[in-house]
Amino acid sequence: MSTSSDPADGPPPNSASPLDTVGQKLRKARLAAGMSVREMARRVDVSPSFISQVELGRTKPSVGTLYAIATEMGVPLDDLMPVDSTASSGPPAQGLKLIQKEAGRPSVPDQRDTEPGSPLQRGDRRHELRMDKAVWGRLTSDHDPENDFLHVVYAPGGESCPEDSLIHHPGVEYGYVISGGLHVQVGFTHYELNAGDSIRFESMTPHRLHNPFDVESVSIWIVVGRGGTPVL
C-alpha cells in the first residue's frame, strides 16, 4: 500500500488542465491498486520524483512511459486520456483522439462500421494516442486483452521514450517500417531500419524507438502476449 512518505500521496491538484487531469487519474488508479509511488517508479524504471511530478500535472510522460505505467496498473489508456469524437481542423491535440475524417466517407455509415463486435476497423475512425511527435493508432476494432496491433507514426525527432529511460513490458514485439526510417534500441544494441525492414524482440528487454531522420516514420507494430494491455 502507499505510504505517507510518498510525495504524490497528498491531496491531488485542483486544476482542470488536461495534464493535471491525466495525473489525477494516474494517481487514483495507483492508489486503487495499492501501489506506492516508489514501487511504481521501480516497475517502470523512473524516479519516484518523476511519478510524483506526472501525478501533480507538472510534467508529462512520453508515450512509451505512459503506456508502461498504464500496463503496470492494468488501466486502459481510455480511462486516462479524454476522447474527442469530433474531427479537428487544427494541429492534433495531445491525448487520446477518435479520428473521424469525413472526406470520401459515404453519407450513411455502413452498419458493419458500428455494430457491436464488428471485426472491421476503418482507417479514418480509429483511436489514436498523440503525445509530442508520436502517434500510436489502434488497428483493431476493439480492445484485445492479450495483443497490440498498432499503426505508429513518429515525426522527425519523435521517440517512444527518452534516451535515458528505456521502457519494457511483457510480450514479444514485431515491427515493420512502411516509410521513412526508424532507430530501434534493444538493450545495448542499436538498429537502423529503413522502409521494408522488420524486427522482432522480447519486449521485457528495455527498448526505445526514435526517428532521428528529417522525414516522417510510419510503421506497423504487433505485441503478442502482452497481457493486460491498455485500451487505445
Tell me which donor-acceptor pairs under 3.5 Å the side chains of residues 188-200 have, and how far apart each pair is, sequence neighbours excluded?
residue, atom, partner, partner atom, Å
His190, ND1, His183, NE2, 2.9
Glu192, OE2, His183, ND1, 2.7
Asp197, OD2, Asn194, N, 2.8

Distance from His210 atom NE2 to Lys133 atom NZ, nearest 0.5 Å? 8.5 Å

May I ask whether Ile220 and Val172 are part of the same hydrophobic cluster, defined by side-chain heavy atoms of I, L, V, M, F, W, Y residues being less than 4.5 angstrom apart, directly or through others? yes

Please report the shortest heavy-atom distance between Leu182 and Ser217, naming the atom on each side. CD1-OG, 3.7 Å

Backbone N or O of Glu55 within a donor-acceptor pair of the Gln53 side chain at under 3.5 Å? no

State, to 0.1 Å, how close Glu173 and Trp221 come at their nearest heavy-atom pair, and which atoms those are. CG-CE3, 3.6 Å

Kindly work out whether a path of hydrophobic side-chain contacts (I/L/V/M/F/W/Y, heavy atoms less than 4.5 Å apart) joins Leu129 to Val223. no

Is there side-chain contact between Val46 and Met40, with heavy atoms separated by less than 4.5 Å? no

With no hydrogens and no angle check, is any side-chain donor or acceptor of Asp132 less than 3.5 Å from a backbone partner on Ala134? no

Report yes if some heavy atom in the side chain of His168 is under 4.5 Å from a heavy atom in the side chain of Met204; otherwise report no. yes

For residues 152-166, please give each side-chain donor-acceptor pair under 3.5 Å, one per line with the distance, not counting sequence neighbours.
residue, atom, partner, partner atom, Å
Tyr154, OH, Trp136, NE1, 3.1
Glu159, OE1, Arg208, NH2, 2.5
Ser160, OG, Leu209, N, 2.9

Could you tell me the separation between the CG atom of Asp148 and the CZ atom of Arg138, rounded to the nearest 0.5 Å? 10.0 Å

Heavy-atom side-chain contact between Asn147 and Ile222 under 4.5 Å: no

Side chains of Ile69 and Arg30: closer than 4.5 Å at any heavy-atom pair? no

Working for side-chain contact (heavy atoms from CB on, under 4.5 Å), residues His151 and Val218: CA-CA 7 Å; His151 180 272; Val218 181; 3.4 Å; yes

Mind checking salt bridge (Lys or Arg N to Asp or Glu O under 4.0 Å) for Glu39 and listing every partner two or more places apart, or none if nothing turns up? Arg42, Arg43

OG1/Thr65 to NZ/Lys60 distance, rounded to the nearest 0.5 angstrom? 12.5 Å

4.5 Å side-chain heavy-atom contact, Ser141 and Leu120: no

If two hydrophobic side chains count as joined below 4.5 Å and joins carry through other members, does Phe213 share a cluster with Tyr176? no

Within a strict 4.5 Å, meaning less than it, do heavy atoms of the Val54 and Leu66 side chains meet? no

CG-CZ distance between Leu56 and Arg27, expressed to the nearest 0.5 angstrom: 8.5 Å

Do side-chain atoms of His207 reach the backbone of Ile167 as a donor and acceptor pair under 3.5 angstrom? yes

Are Val215 and Val135 connected in the hydrophobic side-chain network, where two residues link if heavy atoms are under 4.5 Å apart? no

